Amino acid sequence: DLVQDRAVEVRHVAAGLRASLRTTTVDVVLRGSSEQLTQIDAVRLVPVIDAAGLAAGDHTLPVHLDGPAAASVARINPATVQVHITRGRD
């Protein structure tokens with residue numbers, strides 16, 4: 001099952017830093033039984049990247065999915081996104 005154009009969230013940006021994404025949405029392909037897939041609320045599928053410990057600069061990070069565990073993620077496209085971290089106000 002394909003869930004398109006899910007907005008990517010950046011988590012754990014250090015205080016005093018700001019993050020901007022070069023790619024802001026991803027597509028998610030899920031696998032599971034028909035029953036499992038029909039029970040999934042696509043709104044609750046949240047693609048995230050973890051910026052913990054990153055300093056200012058450009059970084060390429062893997063995208064992970066937060067959401068129900070009823071179905072497995074077959075693929076996230078793109079699998080990585082570029083994030084630009086700058087010093088700035090929150």
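The model shown is predicted, which means the values in this text are computed figures rather than measured ones.
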Checklist line | Considering all heavy atoms, the nearest Ala51-Val13 contact | finding: CB-CG2, 4.0 Å
Checklist line | Partners meeting salt bridge (Lys or Arg N to Asp or Glu O under 4.0 Å) with Arg11 (sequence neighbours left out) | finding: Glu9, Asp66
Check: According to the side chain to side chain donor-acceptor pair (under 3.5 Å) rule, which pairs have a member within residues 47-62, sequence neighbours left out?
Finding: His12-Asp50, Arg22-Asp58, Asp58-His84
Next item on the list: Measure the spacing between OG of Ser20 and CD of Gln82 and express it to the nearest 0.5 Å.
Entry: 10.5 Å
Notebook entry, point to check: Do Leu30 and Val73 pass the side chain to side chain contact (heavy atoms under 4.5 Å, CB included) test, and can you show the C-alpha distance, the side-chain angles, and the key distance before you say yes or no?
Noted result: CA-CA 5 Å; Leu30 301 172; Val73 175; 4.3 Å; yes
Next item on the list: Not counting sequence neighbours, which residues clear salt bridge (Lys or Arg N to Asp or Glu O under 4.0 Å) with Asp5? List them please.
Entry: none
Notebook entry, point to check: Where the side chain of Arg6 meets the backbone of Leu45, is there a donor-acceptor pair that is under 3.5 Å apart?
Noted result: yes
Next item on the list: Calculate, to the nearest 0.5 Å, the distance between atoms CG and CZ belonging to Asp1 and Arg31 respectively.
Entry: 13.5 Å
Next item on the list: Check whether any side-chain heavy atom of Asn77 lies under 4.5 Å from a side-chain heavy atom of Val29, and answer yes or no.
Entry: no
Margin query: Hydrophobic clustering (ILVMFWY, side-chain heavy atoms < 4.5 Å, transitive) - are Leu37 and Leu2 grouped together?
Written below: no
Notebook entry, point to check: Looking only at heavy atoms, what is the nearest atom pair of Ile85 and Ala19, with distance?
Noted result: CD1-CB, 4.1 Å
Item checked: Close side-chain approach of Ile76 and Pro47, heavy atoms under 4.5 Å -> no
Checklist line | Partners meeting side-chain contact (heavy atoms from CB on, under 4.5 Å) with Leu21 (sequence neighbours left out) | finding: Val8, Val10, Thr24, Ile49, Val81, Val83
Check: What closest approach, in Å, do Thr23 and Pro78 show between heavy atoms, and which atom pair accounts for it?
Finding: CG2-CG, 4.2 Å
Checklist line | Nearest heavy atoms of Gln36 and Gly32, plus distance in Å | finding: OE1-CA, 3.4 Å
